[in-house]
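What follows is one structure encoded as structure tokens, with my remarks underneath.
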Amino acid sequence: MKIKDIYKQNKKSLSFEIFPPKKDTELESIDETLEVLCELDPDFISVTFGAGGSSNSNRTIEIAKNIKKRYGVEPVVHLTSLHYDKSEIDEFAKVMEAEGIENILALRGDRTPKVAEKDDFHHASDLISYLSEKHDFCFLGACYPECHPESDGNVNDIKGLKKKVDSGASVLLSQLFFDNERFYDFCERCKIAGIDVPIIPGIMPVINAAQIRRMLSICNATFPERFKRIIKKYDDRKEALFDAGLSYALSQIIDLLTSDIPGIHLYTMNNPVVARRICEGIRNIV
Ligand code: FAD
């Protein structure tokens, strides 16, 4: 099933993001995670892709195939393009087509000094334009409620996003954020720019101190006072932080669900307990 068709139905979607384990020895753990996630009956599960051919990028398609064949859930393969040329992308597309994978989250990928950039794809929109000439995939794109870190401001960021949608991205998945007002403002800007595809908010329950420190270093999300107080108060109490972080994410999700949004995309961090607790919290709401 193509993900864009989910949004033709009159319901709010629930989807999960997972990442391939880094080591071979952890491969079995992903099956344990998937067992639980798939029981929660998501509309789709997206699988991240290590930019620039990192060791786990090859596992992305393998795991997506498993999600579809073994669990009967629709997978979305994240595919980055900055570090690949056309022939390499053709190879990925060939494998995905052969495995019956229909949905790609088309990405540029992050710049890294470790891997050389190639010249065929400069933006996700180039990847979408290239692949859509030869294949019948449904393309999703990434979006940034608080601006892409390399962007010089909201106006150009939205202009770039419009190009991505015009090239064929039919659903947008958002970067994580902790302040819903930022997301609502972003949706308004998209509407004004004529971006009229479903925009799915990405929510990450932040449940441990290491994760919070990582968030602070890699993403430019605004941390509302209410969220900062939680971190300050429970930083050294693991269980308390888990409960508080989960409740914070739930309150964000409930607020979003009462608004006019098409669904929720949950960054699970491969933690099935978190996904289950979130789903229990909204069982009678979605
Ligand atoms: P682009 O679409 O190229 O956008 C980057 C910037 O360029 C934006 O400011 C945009 O407005 C602008 N822009 C876009 N198109 C054009 C255009 N045609 N002309 C001019 N400007 C333009 N990274 C990974 O390595 N692996 C993953 O699995 C992964 N999954 C992700 C999932 C989500 C939901 C999100 C939000 C991000 C993910 N990323 C992943 C991170 C992503 O690769 C980085 O944020 C990267 O820096 C940008 O990728 P992009 O596809 O958004 O790039």
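We count ligands from 1, going down the list as the structure has it; atoms in each ligand are counted the same way.
Results of the salt bridge (charged side-chain N to carboxylate O under 4.0 Å, His left out) test with Lys69 over Glu62, Glu99, Glu74 single out Glu99 as the only residue that passes.
The structure places NZ of Lys68 at 4.5 Å from CD of Glu102, a figure rounded to the nearest 0.5 Å.
Salt-bridge formation is not detected for the pair Asp157/Arg189: no Lys NZ or Arg NE/NH1/NH2 atom is positioned less than 4.0 Å from an Asp or Glu carboxylate oxygen. The pair Arg277-Asp243 meets the salt-bridge criterion, since a charged nitrogen lies less than 4.0 angstrom from a carboxylate oxygen.
Residue Asp260 places its CG atom among 12 or fewer non-hydrogen atoms of other residues, nucleotides or ligands, all under 6.0 Å distant. Counting non-hydrogen atoms of neighbouring residues, nucleotides and ligands closer than 6.0 angstrom, the CD atom of Gln9 exceeds 12 such neighbours. Enclosure of atom OH in Tyr234 is not indicated, since only 12 or fewer non-hydrogen atoms of other residues, nucleotides or ligands lie within 6.0 angstrom.
A distance of 6.0 Å or more separates the ring centres of Phe121 and Tyr84.
Side-chain contact check for Asp255 and Tyr184: at least one donor-acceptor pair (N or O, by modelled atom type) lies under 3.5 Å. His265 and Ser174 form no side-chain donor-acceptor contact under 3.5 Å, judged by distance and modelled atom types alone.
In terms of heavy atoms, Thr222 sits closest to Pro224 at O-CD, 3.3 Å.
Under 4.0 angstrom from ligand 1, the non-hydrogen atoms of Lys164 all belong to its side chain. Only side-chain heavy atoms of Leu105 come within less than 4.0 Å of ligand 1; its backbone N, CA, C and O stay farther off. Here Ser125 has side-chain heavy atoms under 4.0 Å from ligand 1, and that is the only part of it that gets that close. Contacts between Arg108 and ligand 1 below 4.0 angstrom, taking non-hydrogen atoms only, involve backbone and side chain alike.
Looking only at side-chain heavy atoms (C-beta outward), Val274 and Met269 stay at 4.5 Å or farther from each other.
Atoms of ligand 1 found under 4.0 Å from any heavy atom of Asp157 (numbered from 1 in listed order, with element): 8 (C), 9 (O), 10 (C), 11 (O). Heavy-atom contacts of Thr80 reach the following atoms of ligand 1: 24 (C), 25 (O), 26 (N) (cutoff under 4.0 Å). If you number the atoms of ligand 1 from 1 as listed, the ones under 4.0 Å from a heavy atom of Lys163 come out as 17 (C), 18 (N), 19 (N), 20 (C). Of all the atoms in ligand 1, the ones that sit under 4.0 Å from a non-hydrogen atom of Leu161 are 11 (O). Applying the 4.0 Å criterion to heavy atoms of Leu107 picks out, from ligand 1, the atoms 27 (C), 28 (O), 29 (C), 30 (N), 31 (C), 38 (C), 40 (C), 51 (O). Shown in contact with Thr48 at under 4.0 Å from a heavy atom are these atoms of ligand 1, numbered in order with element: 28 (O). Listed by number with element, the atoms of ligand 1 under 4.0 angstrom from any heavy atom of Leu173 are 34 (C). Counting the atoms of ligand 1 from 1 in the order shown, those under 4.0 Å from a heavy atom of Ala142 are 35 (C), 36 (C), 52 (O).
At a 4.0 Å cut-off, at least one heavy atom of Tyr267 sits close enough to ligand 1 to count as contact. Ligand 1 has at least one atom lying under 4.0 Å from a heavy atom of Gly109. Distances shorter than 4.0 angstrom do not occur between any heavy atom of Phe19 and any atom of ligand 1.
Distances from atom 5 (C) of ligand 1 to the heavy atoms of Arg111, Gln175, His148 put His148 nearest.
In terms of polar-atom proximity, Glu150 is not counted as a contact of ligand 1, lacking any N or O under 3.5 Å from an N or O of the ligand. Residue Ile158 places no N or O, backbone or side chain, under 3.5 Å from any N or O of ligand 1.
Relative orientation of the Phe186 and Phe183 rings is tilted, given thresholds of 30° and 60° on the angle between their planes.
Nearest non-hydrogen protein atom to atom 26 (N) of ligand 1 is Phe49 O, 2.7 Å. Looking only at heavy atoms of the protein, atom 30 (N) of ligand 1 is closest to His78 ND1, 3.0 Å. The protein atom (non-hydrogen) at minimum distance from atom 3 (O) of ligand 1 is His123 ND1, 2.7 Å. The nearest heavy-atom contact from the protein to atom 37 (C) of ligand 1 is Tyr144 OH, 3.8 Å. At the top of the distance list for atom 46 (C) of ligand 1, counting protein heavy atoms only, stands Asp110 OD1, 3.3 Å. The closest protein non-hydrogen atom to atom 25 (O) of ligand 1 is Ala51 CB, 3.3 Å.
Using a distance-only test at 3.5 Å, with no hydrogens or angles considered, a donor-acceptor pair links the side chain of Lys164 to the main chain of Ala142.
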